[in-house]
2 protein chains.
Amino acid sequence: MTNFNNSKMNVDALFLGPKSENAVFFKEMMEYAVTEHMHWRSGYHPEDPEYVTTVDRYAPDYRDTLYRTEGILNQLSSKLKTTSIPWFSPRYMGHMNADTLMISNLAYVMAMMYNPNNCAQESSPTTTQLELEAGLDLCAMFGYDVNRSWGHITSGGTVANYEGLWVARNIKTLPLAMSKHPQAQHLLKDKTERALLNMPTNAVLDLIDELKKKGIFEEVRDMTCRGEGVEQGKLGKLLVPQSKHYSWLKAMDILGLGQQNIVQLPVDDSYRTDTAQMRQIVFSLIEQGEPILAVVAVVGTTETGAIDNVAELIALRKECESRFGISFYIHIDAAYAGYACAMFRDENNQFIEYEMLIQRYHNEGIFPPDIVWPKRDVYQSFRALQEADSITVDPHKVGFIPYAAGAICMKDKRIVDLISYHAAYVFEEVVEKGRKTEKPQNVLLGSSIMEGSKAGATAAAVWAAHRLVPLNILGYGKVIAAGLTTANWLIESMNASAPLEIEERKFEIVTMPAPDFHMVNFMFKEVGNRSLEKQNQLNKRLYELCSYAAGRSYTNDFLTSSTSLTAEEYGDNPQNFCRLMGFSDQEWEKTHSLYVLRAAIMTHCLRDKQHFSDFWQELKGIFVSKLQQLIDEENKVTHSKQKITL
Amino acid sequence: MTNFNNSKMNVDALFLGPKSENAVFFKEMMEYAVTEHMHWRSGYHPEDPEYVTTVDRYAPDYRDTLYRTEGILNQLSSKLKTTSIPWFSPRYMGHMNADTLMISNLAYVMAMMYNPNNCAQESSPTTTQLELEAGLDLCAMFGYDVNRSWGHITSGGTVANYEGLWVARNIKTLPLAMSKHPQAQHLLKDKTERALLNMPTNAVLDLIDELKKKGIFEEVRDMTCRGEGVEQGKLGKLLVPQSKHYSWLKAMDILGLGQQNIVQLPVDDSYRTDTAQMRQIVFSLIEQGEPILAVVAVVGTTETGAIDNVAELIALRKECESRFGISFYIHIDAAYAGYACAMFRDENNQFIEYEMLIQRYHNEGIFPPDIVWPKRDVYQSFRALQEADSITVDPHKVGFIPYAAGAICMKDKRIVDLISYHAAYVFEEVVEKGRKTEKPQNVLLGSSIMEGSKAGATAAAVWAAHRLVPLNILGYGKVIAAGLTTANWLIESMNASAPLEIEERKFEIVTMPAPDFHMVNFMFKEVGNRSLEKQNQLNKRLYELCSYAAGRSYTNDFLTSSTSLTAEEYGDNPQNFCRLMGFSDQEWEKTHSLYVLRAAIMTHCLRDKQHFSDFWQELKGIFVSKLQQLIDEENKVTHSKQKITL
């Protein structure tokens with residue numbers, strides 16, 4: 001494959017575009033994808049008889065079936081056109097959705113024609129290899145050693161999180177199992193049960209090697225929870241930030257660990273895990289003798305895009321290891337922001353020093369001069385990812401791949417043995433043409449991962465994207481920077497905007513403090529309003545007017561999403577912000593919830609300042625008309641109430 | 001939607017075809033799918049500025065990026081063409097793969113352009129509805145009441161099996177949780193712990209209703225294993241046939257139940273669960289006071305296509321309920337053969353009486369006169385599916401949908417509450433235009449199923465297939481019958497064939513006894529050979545010559561798959577067959593394994609007797625040349641050994 005000269009990548013040429021600007025190219029390539037496969041069919045044993053002749057094909061029932069096919073596709077198209085969401089447009093600023101990469105759509109279709117199943121290489125000789133390559137691309141991006149790590153595609157971040165917790169759980173029970181096995185006990189050197197439940201991941205994986213040498217690994221593995229089931233309450237606590245995705249609750253249920261064994265880590269003002277409180281919780285669990293099953297850090301929370309301080313978590317683990325001899329598994333849920341790790345890597349996959357990074361961003365036009373991203377601690381978090389045991393990342397979010405494509409990367413591939421079935425095929429050493437390589441052969445992915453059958457086409461889509469858009473500053477870096485730039489300008493414009501005036505009422509646009517990534521949370525606030533409940537109602541109604549809830553999204557001018565920051569999830573953290581907006585503490589106590597409009601800014605279209613300014617002017621106008629609509633509704637209600645009173 | 005007049009469906013018009021016979025239609029529709037979306041884009045706010053002008057698009061870096069895109073697609077196409085497997089051809093007879101439905105490929109692409117995510121309706125207003133419809137299509141096919149059941153798409157049968165076991169596990173712990181809750185205890189009427197662990201599914205679901213009325217359901221649910229974790233060994237045994245798919249081992253690991261809590265049900269001569277032994281095992285567990293977590297029956301085993309006697313399992317449960325007051329959950333793994341349930345349903349979704357069924361098959365040309373399918377007990381098994389608590393079925397197998405599309409159907413949708421998160425959105429009652437309907441609104445599928453993000457395009461593919469090919473005798477019935485017909489003819493021809501003669505050696509073709517579905521297991525046997533090991537070697541080598549292992553599949557004349565029927569998995573069942581082939585019991589004792597070639601016959605192309613006869617003549621020739629190749633290799637080895645000796 002020819003090496004990609006990064007500097008030449010044009011972001012607009014990656015997407016079909018909001019007006020289908022690349023329609024001609026896309027159609028040509030689609031035609032190519034389909035035609036190539038058709039010729040592959042007709043070229044396969046051309047001597048074979050024609051089972052269906054051209055005459056057969058003119059039979060009435062034959063034509064009828066084709067016309068019915070067309071009719072159903074017409075109906076499907078109508079349905080899709082009626083209610084789908086125009087992700088592709090910069091007018092959509094809500095969930096982590098935007099236009100997807102042309103190459104991934106095309107690669108998906110091309111591979112789908114061959115219908116590979118990545119469960120087993122026998123059913124996907126091409127795409128299983130592509131999946132392993134794509135997985136290693138992600139490992140390399142996170143700073144894992146590609147010779148020791150591995151990664152694969154999942155149906156999404158949820159399943160990736162399950163798999164992370166699955167390995168964390170099974171690894172936890174291995175030392176306990178060893179302590180019950182007469183030939184394995186001595187390897188543990190008289191460790192106490194407590195010590196066995198708190199070993200470093202690496203140390204347990206070394207033990208696996210020892211067990212394999214003795215030929216008793218599989219016996220011992222059968223004595224872990226995999227064989228014997230989970231012992232209620234034995235494995236300790238899963239520490240997850242309050243800002244967690246609900247998949248962690250599902251994970252604790254599914255894996256038989258119980259949701260009560262989640263310890264929620266409070267978040268700070270910036271909605272990141274509060275590292276001081278995390279320290280305290282970890283230390284107090286250690287003091288109580290309670291094992292720590294795993295600690296999860298979130299890199300890009302679903303609600304505010306907050307990036308946990310991974311570096312401090314890694315440091316905390318080191319401290320616990322040296323001070324108390326106690327370690328724990330670390331999983332990073334980077335489903336949302338994981339791909340942003342590409343922004344820190346140079347063309348040789350080196351993590352760029354901070355000053356150099358900012359310089360390159362500006363010199364090479366990745367960011368305009370007025371944007372400085374990231375904050376230093378965010379930078380440090382990405383740098384520290386390489387120390388985590390496993391990482392969830394979603395190609396179908398900031399990888400700009402169509403659904404469904406999640407992924408998980410594991411730092412040390414030996415960990416797979418704790419969950420795998422059949423022989424360990426994935427990393428089988430093979431002697432090929434005299435050279436010993438650890439090349440995947442006869443790979444049975446389905447026996448080493450959670451899922452079974454899986455579309456090889458997804459692997460093709462991710463692989464092709466990584467080939468065209470390298471996982472570095474000049475590839476994904478450029479694409480992601482476009483959204484970040486827009487997010488920053490948007491926040492700036494919202495905060496600088498004079499209140500919008502409608503019928504003598506004034507509405508300010510307020511944004512939450514500068515986010516770590518490109519999630520902008522904003523609100524409208526009526527000047528003079530002191531009721532938090534009214535404030536929330538206003539924004540909830542605005543959300544309804546700016547979402548699929550208002551009816552056909554296609555005819556809407558602007559689309560966003562929303563969320564409630566509640567005391568249940570975030571403690572009193574939103575209170576400070578409520579105060580800044582002028583709501584009293586009593587108001588917060590009464591409501592315990594702050595309703596915000598939530599916009600992940602992923603569009604690549606507004607990275608030009610002039611384009612953005614024009615868009616912002618337009619958007620302000622839309623806001624005014626939405627507020628007007630809301631006021632009209634209010635007036636109508638008041639009016640009809642008056643009528644009833646009369 | 002216009003009603004589909006079943007009688008007019010032409011099977012050949014459903015597929016692209018082995019020579020791309022429907023190329024023109026397919027390309028036209030693909031063009032339509034893509035173009036419709038493109039116009040949707042350009043028609044969305046046409047007043048919006050053009051961010052990328054035609055001049056911009058002629059910039060060198062822009063063209064460069066497009067050309068690179070094309071280059072990567074060229075590479076992908078080369079890779080796919082080099083090593084993919086020609087499923088579409090009748091020359092492929094191995095795994096459950098064949099050509100896939102044109103309409104599903106087209107619907108997938110059409111929907112993918114809009115990139116819906118069926119995790120939440122907000123992200124997939126169109127396709128979430130299609131998924132729920134497609135799920136109910138399957139429920140109706142299995143005989144579930146569509147007002148009480150529900151079904152949804154999964155990434156595959158593996159995940160569907162997990163979900164079945166997940167609900168079975170959680171439901172099992174609800175009565176125990178109730179017994180600990182002061183306001184719930186009395187609902188249990190002083191049942192013993194043993195009785196609590198053995199309640200009928202329906203009775204537990206009724207209790208959920210009671211708990212909801214009291215407003216304490218969520219509290220109690222938090223006290224089930226979902227909240228507190230699994231109690232090791234408490235929930236009893238999962239009974240699964242020896243013929244099980246390895247996903248059941250994974251399921252027991254993942255769900256924290258432990259693989260040791262699987263009790264394997266022995267299979268009989270026909271590789272179905274031995275019902276007499278199943279009775280005995282169930283009774284002896286009851287006697288021991290061991291709870292039965294669930295019993296799994298397989299409808300279409302992966303290796304031999306055997307269809308367990310579901311009716312007898314249902315009857316056994318009834319017997320246990322009335323005799324001992326003990327019940328258990330029943331899950332059916334019908335990943336492979338589930339779609340065949342369509343073969344028994346008439347145009348009004350009524351299960352057709354056996355005699356009438358056979359008559360219609362022949363009168364309406366579903367089967368040729370010489371084929372009588374199914375066996376009566378297989379018929380009864382399909383009829384009994386409606387009594388099972390949940391059923392796994394794979395649209396990407398006998399539904400002829402591209403990967404990855406599995407599904408699970410649940411008889412009583414109240415069961416979802418045991419695994420769901422957030423509010424129970426899926427079945428929210430809504431008042432719409434004055435009428436109270438239980439129409440899904442604001443559906444958050446991700447909170448009621450195992451997976452999170454999922455491609456809405458898959459739902460479109462399954463939905464569209466069900467619209468074009470109804471789930472009845474004249475729809476999927478016709479398509480599946482084509483494969484079954486071919487399977488029967490193939491077995492007949494193999495058994496009637498004179499031994500193949502190569503260099504004075506004779507090779508018989510032997511088939512395993514008539515399968516329940518369209519999985520043909522066959523072997524070559526050298527006349528005079530008494531060594532089972534040699535026999536296995538012969539067939540293993542033949543597999544290698546007829547599979548991707550021989551190199552590029554595209555240049556191969558015939559492709560199949562294989563499996564080993566081992567004593568570990570099947571006890572001494574294969575021994576009888578070995579005897580029939582003339583291998584002594586000592587040979588079986590020595591080898592404990594029978595290597596077979598395994599061919600799922602799913603092609604629709606050979607349902608014409610003349611086509612089949614021609615194909616069979618050709619195939620015999622291929623067999624001769626493969627055997628010749630094998631003998632040549634043997635001779636070469638012997639020759640070179642002689643050379644070394646000299």
Side-chain angles (χ1 to χ4, degrees), chain A residues 8-10 12-13 19-21 23 25 36 38 40-42 44 51-52 61-62 64-66 69 72 77 79-81 83-84 86 103 112 114-115 117 125-126 155-156 158 226-232 246 253 256-260 402-404 421 451-455 464 467-468 548 605, chain B residues 8-10 12-13 19-21 23 25 36 38 40-42 44 51-52 61-62 64-66 69 72 77 79-81 83-84 86 103 112 114-115 117 125-126 155-156 158 226-232 246 253 256-260 402-404 421 451-455 464 467-468 548 605:
Chain A
K8 287 193 181 159
M9 193 188 79
N10 182 305
D12 293 310
K19 290 178 173 283
S20 299
E21 289 89 339
F25 176 79
E36 280 280 278
M38 287 176 173
W40 194 70
R41 287 196 180 203
S42 51
Y44 180 71
Y51 297 115
V52 187
D61 66 340
Y62 199 104
D64 205 56
T65 305
L66 294 184
T69 304
I72 292 163
S77 186
K79 282 173 185 282
L80 287 164
K81 290 167 95 166
T83 50
S84 291
I103 196 166
M112 185 179 68
Y114 298 84
N115 201 27
N117 176 5
T126 316
S155 68
T158 294
R226 165 190 170 110
E228 301 191 345
V230 166
E231 276 184 84
Q232 201 176 46
Y246 71 100
D253 174 355
L257 294 162
Q259 293 168 3
Q260 288 171 16
Y403 289 107
Y421 290 79
E451 291 165 288
S453 290
K454 52 204 305 243
R467 302 279 95 47
L468 178 64
Y548 85 115
C605 298
Chain B
K8 289 195 179 160
M9 193 189 77
N10 182 304
D12 292 310
K19 291 180 172 283
S20 299
E21 288 90 338
F25 177 78
E36 282 280 279
M38 287 176 173
W40 194 70
R41 287 195 182 205
S42 51
Y44 180 71
Y51 296 116
V52 187
D61 66 339
Y62 200 103
D64 205 57
T65 305
L66 294 184
T69 304
I72 292 163
S77 186
K79 282 173 184 282
L80 286 164
K81 291 167 94 166
T83 51
S84 291
I103 196 167
M112 185 179 68
Y114 297 84
N115 200 27
N117 176 5
T126 316
S155 70
T158 294
R226 165 189 170 110
E228 301 191 345
V230 166
E231 277 185 84
Q232 199 176 47
Y246 71 99
D253 174 354
L257 295 162
Q259 293 168 3
Q260 289 170 15
Y403 289 106
Y421 289 80
E451 291 165 288
S453 291
K454 51 203 308 242
R467 301 279 96 46
L468 179 64
Y548 85 115
C605 299

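Small disclaimer: the values here were computed from a predicted structure and weren't measured. Throughout, a chain's letter reflects where its sequence line sits, starting with A, and its residues are numbered from 1. No hydrogens, no waters, no symmetry mates; every other heavy atom, side chains included, goes into these values.
The shortest heavy-atom contact between A:S20 and B:S42 is OG-N, 4.4 Å. Contact detail for B:Q259 and A:Y421: the closest heavy-atom pair is NE2-OH, 2.5 Å. Pairing each heavy atom of B:A404 with each of A:S453, the nearest pair is CB-O, 4.2 Å.
Side-chain atoms of B:T65 never come within 3.5 Å of backbone atoms of A:A13 as a donor-acceptor pair (strictly under, hydrogens ignored). Put simply, the side chain of A:Q232 gets close to the backbone of B:G229: a donor and an acceptor are under 3.5 Å apart.
At a 4.5 Å heavy-atom cutoff, the contact between B:L257 and chain A is made by backbone atoms alone. With a threshold of 4.5 angstrom between heavy atoms, B:F25 approaches chain A through side-chain atoms but not through N, CA, C or O.
Residues satisfying the ring pair (Phe, Tyr, Trp, His ring centres under 6.0 Å) criterion with A:Y62, sequence neighbours excluded, are absent altogether.
In terms of heavy-atom pairs under 4.5 angstrom with chain A, the leader among B:E36, B:K19, B:R41, B:E231 is B:R41. Considering only heavy-atom pairs separated by less than 4.5 Å from chain B, the leading option among A:E228, A:M112, A:E451, A:E21 is A:E228. Your options are A:L80, A:V230, A:T83, A:T158, and the one with the most heavy-atom pairs under 4.5 Å with chain B is A:L80. Interface remark: of the candidates A:A464, A:A23, A:A455, A:G452, A:A455 forms the most heavy-atom pairs closer than 4.5 Å to chain B.
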> Are B:Y403 and A:N115 close enough, and set up right, to give a side-chain contact (heavy atoms from CB on, under 4.5 Å), and what steps lead you there?
Replying inline: CA-CA 6 Å; B:Y403 289 106; A:N115 201 27; 3.2 Å; yes

> Please walk me through it: do B:S84 and A:W40 pass side-chain contact (heavy atoms from CB on, under 4.5 Å)?
Replying inline: CA-CA 10 Å; B:S84 291; A:W40 194 70; 3.8 Å; yes

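Using a 4.5 Å cut-off on side-chain heavy atoms (C-beta onward), B:I72 and A:I103 make contact.
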